[in-house]
Amino acid sequence: MTNGTGRAGTVRRGAGTLAAVLTATTLLAGCGAIGTDSGAGGTTSSPTATPKQSLLAAVPDGSEGAFRFSGKDATSDLSGVVDPEAKGIDLTAAVKDPEHGFTTRMSFLVLQERIWMKVKFTGTEGLTGLPKLPNRWMELDRARLTDPDTTPTYEGVDIGNAGPIIEAATTVEEKSDRTYAGVVDLTRSEAAEAVGEEEVAALGEAARQVPFTAVVGPDGNLASLTLDMPAAGKAKAWAYVVKYVDYGSAPKLAAPSGNAAQPAPKLAYEMLMG
């Protein structure tokens, strides 16, 4: 993207990784790279800035301190913390199996090049065949991961890819109470990757006119971005949602120590690599 606030695919790669692992490991039962830190988030726009420029200026760029995020796309929900100082992210997804009723909660902790994962199953009474994993952070050796997309990496702070989506906006209107609305052309490559190339392709020409709303907080930082994705074929309408909150007050990330962590066992790698 042109202003450096993000590189598309962050939440989608994290969500896709979690969804794929959950499906492969339960046997019972779908970001991308995180943006670079060179955007202009949280800054005060100039009096002559357009609404689009003002909104882009609110996208986090790493100067705001640690913050919490949540994200939602067509199939997944993610939440966690971004810590620019530590160059780290903590992201978690919880998926409930519709047939058997149990829930899998999977987390990744990334600090620069180091990565840990944790998996927990709940509501499993009477079930057998689930993987037996330690109830602690399991540190992964990236050299043993044959597919680089199987785990998230830290490459910046705009984990929800708000920057690429706003860049693809063809109209942006500033309303009252720090609210913005407009239309996004999702056929633009980075926006399509952020939201989901298959989902965008399914929209056809409708992908060029997808409405969005965004809210900027009193601190000048982006609080939320919502894309209202229309129904397409058999697919129902859905919302792509990004929320950033608690700028500067979210907990800082640190490597787990002592009994809180251990090297990942062979089964963890088998889960990640299908």
Side-chain angles (χ1 to χ4, degrees), residues 9-26 28-35 60 65-84 86-98 101-112 114-124 130-131 133-140 142 145 149-162 194 196 224-225 239-247 249-257 260-262 264 267-269 271-272:
T10 303
V11 167
R12 292 198 56 78
R13 185 167 77 178
T17 296
L18 295 172
V21 170
L22 295 176
T23 301
T25 59
T26 61
L28 299 172
C31 61
I34 297 167
F67 60 91
R68 299 182 189 273
F69 74 88
S70 60
K72 175 182 174 65
D73 65 9
T75 59
S76 307
D77 295 88
L78 288 175
S79 61
V81 173
V82 178
D83 185 347
K87 297 188 181 301
I89 54 172
D90 182 341
L91 60 121
T92 296
V95 178
K96 186 172 183 177
D97 183 274
F102 71 94
T103 298
T104 305
R105 183 180 179 87
M106 189 169 184
S107 303
F108 283 107
L109 172 62
V110 179
L111 294 171
Q112 299 188 46
R114 299 181 70 184
I115 182 169
W116 297 258
M117 81 175 211
K118 183 185 292 185
V119 181
K120 183 177 182 180
F121 303 104
T122 58
T124 60
L130 292 171
L133 291 165
N135 187 25
R136 65 183 74 183
W137 286 109
M138 297 173 284
E139 185 165 14
L140 297 164
R142 288 196 183 273
L145 300 172
D149 287 340
T150 56
T151 55
T153 58
Y154 180 87
E155 296 176 22
V157 297
D158 184 20
I159 191 167
N161 291 299
S224 67
L225 173 72
Y240 180 96
V241 181
V242 177
K243 293 184 179 180
Y244 296 148
V245 299
D246 297 340
Y247 287 96
S249 62
K252 294 183 178 298
L253 301 180
S257 59
Q262 69 169 70
L267 180 56
Y269 294 96
M271 291 168 59
L272 288 171

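What you find for Gln112 and Ala86 is that their closest heavy atoms are CG-O, 3.8 Å. Between Val82 and Ile159, the closest heavy-atom pair is CG2-CG2, 4.1 Å. Looking at every heavy atom in both residues, Ala93 comes nearest to Leu78 through CB-CD2, 3.7 Å. Closest non-hydrogen pair, Pro152 versus Leu91, comes out as CG-CD2, 4.0 Å. Among all heavy-atom pairs drawn from Trp116 and Leu111, the shortest one is CZ3-CD1, 3.9 Å. Residues Asn161 and Ala194 share a closest heavy-atom pair of CB-CB, 3.6 Å.
Proximity of a side-chain donor or acceptor of Asp83 to a complementary backbone N or O of Leu253 within less than 3.5 Å is detected. Side chain of Asp158 to main chain of Ala162: a donor-acceptor pair is present (N/O by atom type, distance under 3.5 Å, no hydrogens or angles).
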Would Met138 and Leu133 satisfy side chain to side chain contact (heavy atoms under 4.5 Å, CB included), going step by step from the backbone distance to the final call?
-> CA-CA 9 Å; Met138 297 173 284; Leu133 291 165; 4.2 Å; yes
Steps toward side chain to side chain donor-acceptor pair (under 3.5 Å) verdict (Arg142, Thr151) = CA-CA 9 Å; Arg142 288 196 183 273; Thr151 55; 2.9 Å; yes
From CA spacing to verdict: side chain to side chain contact (heavy atoms under 4.5 Å, CB included), Val245, Tyr247 = CA-CA 6 Å; Val245 299; Tyr247 287 96; over 6 Å; no
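Taking 4.5 Å as the limit, some side-chain heavy atom of Val119 sits within range of a side-chain heavy atom of Phe121. Side-chain contact between Glu139 and Arg114 is present, with at least one heavy-atom pair separated by less than 4.5 Å. Annotation: side chain of Leu140 is in contact with side chain of Leu272 (closest heavy-atom distance under 4.5 Å). In this structure, Ile89 and Val81 have side chains that are not in contact, with every pair of non-hydrogen atoms separated by 4.5 Å or more. The side-chain heavy atoms of Met271 and Met117, taken from C-beta on, include a pair separated by under 4.5 Å. Contact check for Trp137 versus Leu109: side-chain heavy atoms found under the 4.5 Å cut-off.
Side-chain contact annotation: Thr92 with Ser107, donor-acceptor N/O pair under 3.5 Å present.
The aromatic ring centroids of Phe67 and Tyr244 lie less than 6.0 Å from each other.
Once rounded to the nearest 0.5 Å, the distance linking CG of Asp246 with CZ of Arg68 reads 5.5 Å. Note that NZ of Lys252 and CG of Asp90 are 14.5 Å apart. Values are rounded to the nearest 0.5 Å.
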